[in-house]
Amino acid sequence: MISIKSDREIELMKEAGRLVGETHKYLKQFIKEGITTIELDRLAEDFIRKNGGIPTEKGYEGYPASICASVNDEVVHGIPGKRKLKNGDIITIDMVISYKGYQADSAWTYAVGEISKEKKYLMEHTEKALYEGLKQVKPGNRLGDVSHAIQEYAESHNLSVVRELSGHGIGTEMHEDPDIPNYGKKGTGILLKKGMTLAIEPMLNLGKRDIAILNDDWTIVTLDGSDSAHYEHTVVVTSDGCEIITKRLD
Ligand code: MF3
Ligand code: CO
């Protein structure tokens, strides 16, 4: 079932979204060569809790940390640990915060120091693929219009779309209906309606789209070892488009 949020619920989601944006901005200054991903996790958890939020990834289906920190060929769900960031790495920080019972979700890929041209290309066009998808989020459009726009943009830029993972509805739960694949056909799927709250999140690879899961049962990597990027915003469908509620102020 796809829920339509009331104005009051949307206000609470916006508060959660604001804290997500602020936490991304706060973490960005620490993303430098030498820091470990567990240090980033601690910084994030402290910041979120000090600001009255709950990092909802922690404990979600047994996930052990407050953020996902996925480096280079890691697509999603990288578990923070002793790994030190190196010059030339890219790292995706994905976080979900609950505030007064409502959730917001956003992932962003960051460069560590000087990165290769290929990695810059991947980051730039994965972010743009997200915005191409968001342009299609408006009442009267169908979900397939969003999925198709992301796929079309990605593939016309020679990036491959990870198919096993999708965006999703969000609200009191981190993952609500509908499932939002990053590939699909125009004019198909459910009709978008004002008051829906959605997390749109293309995960694109420089190489092939196939993925594998590591022995930790969480970390998803590209099968061919190519780099992967991931950009995600939570949005509210408005009367004539959508409003991003996880905007970053940097
Ligand atoms: N934040 C992820 C998403 O975008 C979900 C992470 S699940 C966790 O949907 F268990 F790893 F936290
Ligand atoms: Co998400």
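Just follow the structure's listing: the first ligand is 1, and inside any ligand the first atom is 1. Remember, predicted model here, so these are calculated numbers, not experimental data. Numbers here simply count residues along the sequence, with the first being 1.
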For [X], the ligand 1 atoms whose distance to one of its heavy atoms is below 4.0 Å:
{"X": "E232", "answer": "4 (O)"}
{"X": "V96", "answer": "1 (N)"}
{"X": "W218", "answer": "10 (F), 11 (F)"}
{"X": "C68", "answer": "11 (F)"}
{"X": "E201", "answer": "3 (C), 4 (O), 9 (O)"}

Pairing of R49 and E45 as salt bridge, 4.0 angstrom limit: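 Yes, this pair counts.
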
If we only consider heavy atoms of K58, is any one of them less than 4.0 Å away from an atom in ligand 1?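 No, K58 has no heavy atom closer than 4.0 Å to ligand 1.
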
Does ligand 1 have any atom sitting under 4.0 Å from a heavy atom of H168?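 Distance cut 4.0 Å: H168 passes for ligand 1.
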
Less than 3.5 Å between some nitrogen or oxygen of Y63 and one of ligand 1, yes or no?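 No; the residue has no nitrogen or oxygen that sits under 3.5 Å from a nitrogen or oxygen of the ligand.
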
Compute the shortest N/O to N/O distance between D94 and ligand 1 and return yes if it is under 3.5 Å, no if not.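 Yes, since at least one N or O of D94 sits under 3.5 Å from an N or O of ligand 1.
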
Are there any protein N/O/S atoms under 2.8 Å from the Co ion (ligand 2), and if so, which?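 Short answer, with waters excluded from the count: D105 OD2, H168 NE2, E201 OE2, E232 OE2.
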
Flag yes if more than 12 heavy atoms outside K58 fall under 6.0 Å of its NZ atom; otherwise flag no.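 Correct, the count exceeds 12.
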
Taking all atoms of both residues into account, what is the closest heavy-atom pair of P202 and Y231, and its distance?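 Distance-wise, the nearest heavy atoms are CD-O, 3.2 Å.
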
For D224 and S226, which I'm curious about, is there any donor-acceptor pair between the side chains at under 3.5 Å?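 A donor-acceptor contact under 3.5 Å links the two side chains.
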
